[in-house]
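Shown next, in structure tokens, is the structure this report addresses.
For reference, positions follow the sequence shown, starting with 1. The analysis underlying the following values was restricted to heavy atoms, covering all of them including side chains, and did not include hydrogens, waters or symmetry mates. Only a predicted model underlies this, so the values are computations on that prediction, with no experimental measurement involved.
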Amino acid sequence: MGNLQDLQNMVSAWLASRMPTPEMIREQIARVRVIYPEVTDEEAEALAREFETIHGITMSIGSTLQKNIDFEPWLDSAKAKNAIDFYFWERYQKLLVTKGFSARVLASFANVTDRTLGLLENPKREGKWDRRGMVVGHVQSGKTANYTGLVCKAADAGYKVIIVIAGIHNNLRSQTQMRLDEGFTGFDSARLLSNQPDTSQVIGVGRYDSRRRPSVFTNSLRDFNKATATSVATPLENLKTPALFVIKKNSYTLKNLLEWLREHNARRGGSSISEPMLLIDDEADNASINIGSGRDEVSAINGQIRQLLEIFDRSCYIGYTATPFANIFIDPDSDDEMFGDDLFPRDFIVSLDPPDNYFGPSLVFGNDIEGAEQGQFIRHIEDNEDLLPLRHLVSHDVVALPDSLRTAVRTFIVARAIRLARGQTGKHNSMLVNASRFNNVQNRLRDQIHVLVEDIRHSIRVNGALSQKLALTDSEIAALHEVFIREYERASGLSWGSVQQKLLESIAPVNVVVVNRMSSSSLNYAEHATSGLNVIVVGGYSLSRGMTLEGLSISYLLRNSMMYDTLMQMGRWFGYRPGYEDLCRIWMPEEAEGWYAHIANSIEELRDELRRMEAVSATPKEFGLRVRSHPDRLLVTARNKMGSSRPIRISVGLANEFIETAILWRNSENLETNRRAAITLGKKIRNAGLLNSANAEDAASGKLVHQVPADLIMEFLLTFQNHPSAYLTDTEPVRGYIEDRISSELSEWDVLFPGLAERSEKSLVSDILGFRIICQRRSPGKRSTKDLLMITNKQRVASRGIEKIGLTQDEISEAEERYRNETTSLHSGRHLNFPDRIYRRLRKKPLLAVHLLAIGQEGEDLSGSSPIVAWSISFPQTSVEESNATYLVNPTWLLERYGPEDDEDEMAGDDGRND
């Protein structure tokens with residue numbers, strides 16, 4: 001194994017500065033392999049394929065919005081004059097090469113960090129100045145690597161003080177400190193500040209060049225401490241190297257830092273510091289809204305960050321976030337209040353594009369890529385309520401594991417065995433279990449999983465070396481075999497025999513640990529860099545934000561949260577999975593999958609919008625307004641204001657949006673009223689002669705009618721009884737939005753009555769519209785009641801592809817080609833399934849789809865039932881931007897519909913502290 005690793009390192013170093021062809025890769029392996037004759041032909045070819053993958057990866061530079069007023073570009077000029085010695089950056093580039101960054105990705109990475117650096121103010125500029133910006137990345141896409149690169153370049157350019165605010169928990173801050181130690185300082189800060197003279201102090205970039213040592217005022221073991229900082233004894237203005245602070249987002253820590261800066265560093269006779277300062281706020285939207293101690297704490301933290309910026313005469317603030325639905329846009333009660341916030345990114349917004357090997361939400365949950373829709377990665381949890389209910393108390397006793405969790409653990413063992421059989425030895429392997437917010441329950445869960453792992457380990461030790469036939473008489477090995485057949489046999493290219501041979505090696509080093517605020521366990525992957533850390537991690541909130549699980553292949557998520565930031569941040573499974581992406585599996589409730597898919601689509605909508613806004617030189621202010629007008633702001637605002645009992649008026653835009661009634665009344669009176677609304681619409685369309693061949697055509701196994709007058713649509717919506725929980729399809733604001741445009745862009749509609757192509761004996765066939773429709777089948781969601789009908793657990797009515805209906809073939813081709821060009825770097829090498837939103841952009845007329853649904857379980861005979869009516873609307877873009885739809889949102893509906901939200905930071909007492 002050592003020879004193969006040495007060969008890999010030598011070839012990797014040679015390839016780092018090149019853009020090699022497959023032939024070049026194999027030629028170099030052959031040249032170096034002479035030194036290592038023990039490396040087999042199979043191992044050499046596997047290594048060649050791995051390098052092909054790495055060096056075939058590309059990355060685009062993303063989008064930027066900026067306000068150019070009163071800002072003088074400076075970076076290009078400084079570089080042209082060789083005025084910047086990129087000492088820290090060049091060290092970091094060398095480190096990235098060893099981490100597998102190809103020359104292509106490194107070139108894009110350098111451009112992205114240059115672009116962001118150039119949006120900061122010139123640190124050599126005299127006088128008072130400040131800049132405010134935001135960087136929007138993707139969950140687990142390399143934001144830390146990005147801002148580490150920015151820190152290196154900012155230090156090279158002349159920024160003297162760099163403050164990184166890293167999460168609200170100690171383990172997240174510690175992880176960030178270790179990464180900056182590795183990528184920026186080059187020294188182990190824990191050893192350095194504990195005065196342990198040891199050659200092992202030098203780490204990461206320090207191994208390439210350690211002549212310059214940044215002054216570090218925090219370490220990986222301890223947050224900022226006034227006494228420790230004072231012991232440095234040198235004021236910031238006298239330091240010859242940049243000063244680095246990595247602190248927790250905590251009002252006590254911020255208070256101490258503020259006091260120390262004022263006491264020891266402010267200029268004599270004044271209260272400010274002249275050194276140029278860069279402040280990076282990682283997870284900028286966290287601890288801004290959803291914290292248990294309430295808005296007073298929010299005000300304290302935000303106020304302290306503003307004070308921190310004010311202490312410095314020259315400062316730049318950059319907030320990093322993984323979602324455009326950042327609270328800086330969403331939470332203010334008015335647009336003016338948003339713009340007036342001192343942390344609003346008034347100067348620039350940068351959207352990062354990940355490399356094309358990013359394993360992200362669009363791949364896992366979206367409909368963009370073939371495979372995601374077919375359930376390649378997702379497995380549904382349906383057996384948890386008796387043993388591990390979604391909602392439980394801190395006293396809940398975990399007496400046994402749901403079968404789904406037992407299967408997930410076995411899948412982890414098999415997946416690791418496959419990685420070993422593929423030659424991926426010495427690699428990190430992690431499994432995530434996020435099923436409770438309570439520390440005590442997490443500990444009990446860990447104990448049960450540990451017992452299961454020990455049982456499997458015992459079976460493999462005793463029977464794993466037997467012949468396949470004899471080994472399969474062991475129930476645990478038989479269960480592992482069943483997992484292999486179901487999950488991996490077709491895709492892995494391996495036989496069960498080759499996997500069985502690796503089972504003992506797979507499970508032998510696996511540990512089960514709890515990671516939360518109260519645990520002593522830590523995930524120090526760096527300490528296992530050679531052998532790899534193999535671990536099943538049980539936790540809650542500490543695993544939901546910021547924490548990176550290396551080599552994560554299997555995840556088990558059983559949490560209630562439905563909010564954008566929490567859901568996306570729970571996505572620890574996103575990231576990079578070289579050589580084992582096909583092995584990744586995620587267990588979650590079907591409803592959670594629906595929320596993730598919805599969120600992934602909405603976030604991509606806003607990223608698309610940011611790209612289009614860049615093309616017309618829009619400003620951060622305009623993007624802030626767009627986020628505030630997005631329909632999903634209703635949901636986010638309702639959560640943020642849940643403590644309020646007063647209804648809130650929210651204005652959102654319906655232009656270029658898709659809405660549908662995924663929640664319906666279930667009582668007979670309202671169901672009949674909605675049927676009558678559909679019958680009346682169908683009758684009036686017939687009476688107007690719109691079913692003739694010039695106006696109607698067969699589509700979606702039903703009828704598509706063109707040039708339907710808007711007054712018929714308005715009448716249908718007025719009659720239809722919308723359920724109050726279907727907040728976005730509330731009749732009054734939707735009709736008001738149409739009314740504002742009824743004489744112009746929304747005067748004529750396409751109306752679709754979709755159905756099924758094939759009829760079975762259990763199908764429901766209806767002619768209530770005056771023509772035959774084979775009704776679409778939908779199952780009731782688990783949250784349905786006697787009065788409320790949720791259309792599927794995923795809350796979806798329409799089928800994918802519905803929004804291309806009504807467009808010409810030329811328009812469909814244009815939309816698909818544009819999407820293909822915009823997302824080349826994100827979906828390279830993957831077959832595209834086009835999301836509906838791309839067709840909406842080219843829609844000239846609005847589309848109303850009236851669905852006749854047959855509601856029942858799979859296989860149920862629905863032929864004698866009555867159709868249930870739902871509707872969807874695809875709105876085109878608008879020229880009446882100033883007129884949105886105004887909704888009256890009562891935050892209590894969220895509570896009534898979903899129950900109380902998990903309060904992730906609530907302190908429930910010594911006996912039941914939340915993670």
CG of L842 to CZ of R840: how many Å apart, nearest 0.5 Å?
11.5 Å

After noting the C-alpha distance and the side-chain angles of T729 and N722, does the key distance pass the side chain to side chain donor-acceptor pair (under 3.5 Å) rule?
CA-CA 7 Å; T729 51; N722 187 71; 2.6 Å; yes

If you define the side chain from C-beta out and look only at heavy atoms, does anything of I663 sit under 4.5 Å from Q795?
yes

So, do L401 and L445 sit near enough that their side-chain heavy atoms are less than 4.5 Å apart?
yes

As a quick check of understanding, evaluate side-chain contact (heavy atoms from CB on, under 4.5 Å) for E590 and K782, giving each step before the final call.
CA-CA 9 Å; E590 185 179 13; K782 287 184 178 180; over 6 Å; no

Distance (rounded to the nearest 0.5 Å) between E487 CD and R490 CZ
11.5 Å

Taking atom CG of L789 and atom CZ of R666, what is their separation to the nearest 0.5 Å?
5.0 Å

Consider salt bridge (charged side-chain N to carboxylate O under 4.0 Å, His left out). Of R611, R607, R612, which one does E609 pass it with?
R612

Would you confirm whether D750, through its side chain, and L847, through its main-chain N or O, come within 3.5 Å as a donor-acceptor pair?
no

Here the gap from I586 atom CD1 to S553 atom OG, rounded to the nearest 0.5 Å, amounts to 10.5 Å

E385: partners by salt bridge (Lys or Arg N to Asp or Glu O under 4.0 Å), with sequence neighbours left out
none

Can Y580 and N429 be counted as having a side-chain donor-acceptor contact under 3.5 angstrom?
no

Hey, does the side chain of D836 reach the backbone of I802 with a donor-acceptor pair shorter than 3.5 angstrom?
yes

CD/E803 to CD1/I838 distance, rounded to the nearest 0.5 angstrom?
10.0 Å

Salt bridge (Lys or Arg N to Asp or Glu O under 4.0 Å) against K844, all qualifying residues, sequence neighbours excluded:
E811

Picking from N146, V350, T144, V136, what satisfies side chain to side chain contact (heavy atoms under 4.5 Å, CB included) with Y320?
N146

Tell me which one of T661, L671, L852, L853 satisfies side chain to side chain contact (heavy atoms under 4.5 Å, CB included) with V869.
L852

Criterion side-chain contact (heavy atoms from CB on, under 4.5 Å) on N384 and W587, from CA distance to verdict:
CA-CA 11 Å; N384 62 290; W587 272 260; over 6 Å; no

Judged by atom type as modelled, is there a donor-acceptor pair below 3.5 Å linking the side chain of D383 to the main-chain atoms of D403?
yes

Quick check against the 3.5 Å criterion: does E657 have a side-chain atom that pairs as donor or acceptor with the backbone of L654?
no

Walk me through whether R841 and D608 qualify under side-chain contact (heavy atoms from CB on, under 4.5 Å).
CA-CA 11 Å; R841 291 188 218 166; D608 290 347; 3.5 Å; yes

Could you check W871 against N674 for side-chain contact (heavy atoms from CB on, under 4.5 Å), going step by step and ending with a plain yes or no?
CA-CA 10 Å; W871 60 260; N674 292 344; over 6 Å; no

Please answer whether the main-chain N or O of A415 pairs with a side-chain N or O of R585 as donor and acceptor at a distance below 3.5 Å.
no

Could you tell me whether a side-chain N or O of Y488 sits under 3.5 Å from a main-chain N or O of L583, the two making a donor and an acceptor?
yes

Checking the side chain of Q776 only, and the main-chain atoms of L756 only, is there a donor and an acceptor separated by less than 3.5 Å?
no

Side-chain contact, heavy-atom cut-off 4.5 Å: L610 with F623?
yes

Can you tell me how the ring of W665 sits relative to the ring of H723, calling it parallel under 30°, perpendicular over 60° and tilted otherwise?
tilted

Pair R783 + E591, salt bridge at N-O below 4.0 Å
yes

R778 side chain to T792 backbone, donor-acceptor under 3.5 Å:
no

Just how far is it from atom CG of N793 to atom OG of S779, taken to the nearest 0.5 Å?
6.0 Å

